[in-house]
Amino acid sequence: MERTLTSEVPGKIGEEIELQGWLHWRRDLGGIQFILLRDRAGIVQVVLPGGHKLPLPESAVRVRGIAVENDKAPGGYEVQAEDLKVLQPSQQPTPVEIPKEEWRANPETLLTYRYVTLRGEKARAPLKVQSALVRGFRKYLDSQGFTEIFTPKLVRAGAEGGANLFEVDYFGESAYLAQSPQLYKQIMVGVYERVYEVAPVWRAEEHATSRHLNEYLSLDVEMGFIESDEDVMALEEELVRAMLEEAAMTAGPELDLLEVSMPGLPREIPRVPYSEAKRIVKEELGLGMGADLNDEAERALGEYFSERYGIDFVFIVQYPESVRPFYTYPTGDGLTRGYDLLFRGLEITSGGQRIHDPAIIVQQLEKKGMEPERFRDYIEVFKYGMPPHGGFAIGAERFTQKLIGLPNVRYARAFPRDRHRLEP
RNA sequence: GGCCCCGUGGUGUAGUUGGUUAACACACCCGCCUGUCACGUGGGAGAUCGCGGGUUCGAGUCCCGUCGGGGCCGCCA
């Protein structure tokens, strides 16, 4: 018999159907037994006549029965079956009760047992939304003439020369886990003009915050033959719109379950110069701050634009050279064509126009007190007609976190890697 | 890296002027129960109270150390 998904049950009232999934929960009244069967599409109640030895929750099961409407059933319908077949039993009780995990367990406990707690409806939903966002990312960029690339994750040196690299042994030599595909995507602009990559990156930073991961999914974009960073932002605007639309269209049940309010995305996201952002933070919001916009300032800016204009996205543009990487395009006045995208007060993107003239790269390296000789391989790449180009990277988990309103970015990754977590 | 907080059955908690069988709920096991939906109900098993040391007649409780974990900040996406 062909399998029916739980979500298709209402459309098959009166028919005999077969369901396969996990025993979500059981209520055994003796002469009548109820089980909730969960599959990839949802949950439906199955009623059995009494007398069965019901397997433990999370057992994989199959039932055949009649789909019926019933006011007494959750959702108004259920499946009446005579028997159930255990495809593979759960061999021990789950560490936390899956249907009740949200209010029976601490968040940290849920991460420890993630291999099974991920099965909870509210645990699995964010990753489904994220999957849709990434699909939207790919679909939109494919439609705009971009080519998906796959760059090495084992590298000899960091893209940004930072110290936050994980060192690995490479046949006796030192290698590192890539902290960014930056250089490679720039090289590939010289090949395909427009490229993107969906891949993990690693940052060996010993922070412990609700928005950091040591391994995260970077949605990288780079494009050639641009006039300025404005072209990059214009693309990102449409890209973000497409990602949200894909999520709304294909992850509707999950967004409903998580009670997500879709963000306010205006036709054009405001471009706020860095100096103006600092002025707002200082004068209008009365916050003190250091050289860069700190986290508190970004949150405050997010609220400022959300409350005043009802928009959840803001570009901060014209960052000063001092707070951007060396490859950021300078405009000669101490500022750059580097920008950040804030989403609900959190930086989800860093981007901008890059330097395409190797002489200027050397000049900027020296200005930052970095040794150009150490970046010889990087500079070499730009000696063969590199067009004006720029790009950005979106932190997939952060985007997901802010869209859904997750308290911690870890829940936007199936198996988060943080300072203390290398398992599961 | 800085500051603050927390470790008690599988899970969530109670137990602090130190006192003898460490309590409760859920889960699990054995019964009863034909419309449950956090099912109900009777019984049962399950914890050397993170670890080590100290104080004391006596430590889950006080002290020291250690390990593990969490939050915020710095920095980043």
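So you know, we letter chains A, B, ... as the sequences are listed, proteins then strands, and number each from 1. Note that the coordinates shown come from a computational prediction; the quantities given were computed from them, not determined experimentally.
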Just call it for Ala73(A): base, sugar-phosphate, or nothing, with non-hydrogen atoms closer than 4.0 Å on any strand.
base

Roughly how far apart, to the nearest Å, are G43(B) and C57(B) at atom P?
43 Å

Could you tell me whether Glu97(A) contacts a base, only the sugar-phosphate backbone, or nothing, with contacts defined as non-hydrogen atoms closer than 4.0 Å?
base

Classify Ser218(A) by what it touches in the nucleic acid, base, sugar-phosphate, or nothing, heavy-atom distance under 4.0 Å.
nothing

Mind checking Glu215(A) for me? I need base, sugar-phosphate or nothing, with any heavy atom below 4.0 Å counting as a touch.
nothing

With respect to the side chain of Tyr216(A), which nucleotide from G35(B), U11(B), A77(B) is positioned closest?
A77(B)

Between U66(B) and C4(B), how far apart are the two P atoms, rounded to whole Å?
16 Å

Mind running ring-ring contact (aromatic ring centres under 6.0 Å, His included) on Tyr319(A) and Tyr339(A) for me, showing each step along the way?
CA-CA 6 Å; Tyr319(A) 269 81; Tyr339(A) 72 86; 8.8 Å; no

So, OP1 or OP2 of C39(B): does either fall under 4.0 Å of a side-chain N or O from Arg27(A)?
yes

Mind checking whether Thr336(A) and Thr331(A) have side chains closer than 4.5 Å, heavy atoms only?
no

For Leu36(A) and for Lys100(A), find the nucleotide of RNA chain B with the closest heavy atom, then tell me which residue's nucleotide is more 5'.
Lys100(A)

Describe the nucleic acid contact of Pro107(A) in one word from base, sugar-phosphate, nothing, applying a heavy-atom distance below 4.0 Å.
nothing

Between C6(B) and Asn106(A), is there an OP1 or OP2 to side-chain N/O distance shorter than 4.0 Å?
no

Can you check the distance between C3(B) and U8(B), where both ends of the measurement are the P atom (answer in whole Å)?
25 Å

To the side chain of Phe34(A), which of G35(B), C29(B), A77(B) is closest?
G35(B)

Taking 4.0 Å as the cut-off, does a side-chain nitrogen or oxygen of Trp25(A) come that near to OP1 or OP2 on C39(B)?
yes

Same-atom distance (P) from C32(B) to C49(B), integer angstrom:
39 Å

Between Glu215(A) and Trp202(A), do the side chains contain a donor N or O and an acceptor N or O under 3.5 Å apart?
yes

One pair to check against ring-ring contact (aromatic ring centres under 6.0 Å, His included): Phe375(A) and Phe326(A). What are the steps and the verdict?
CA-CA 11 Å; Phe375(A) 290 86; Phe326(A) 69 88; 5.0 Å; yes

Using a 4.0 Å heavy-atom cut-off, does Pro74(A) contact any base of the nucleic acid, only the sugar-phosphate backbone, or nothing at all?
base

Could you tell me whether Gln45(A) contacts a base, only the sugar-phosphate backbone, or nothing, with contacts defined as non-hydrogen atoms closer than 4.0 Å?
base

At 4.0 Å (heavy atoms only), tell me whether Leu29(A) reaches a base, stays on the sugar-phosphate, or touches nothing.
base

Which is more 5' along RNA chain B, the nucleotide nearest Lys72(A) or the one nearest Ala105(A)? Just name the residue.
Ala105(A)

From the candidates G71(B), C29(B), C76(B), the one with an atom nearest any side-chain atom of Arg410(A) is G71(B)

Interatomic distance at C1', C24(B) relative to G71(B), whole Å
28 Å

With heavy atoms under 4.0 Å as the rule, sort Phe392(A) into base, sugar-phosphate or nothing.
nothing

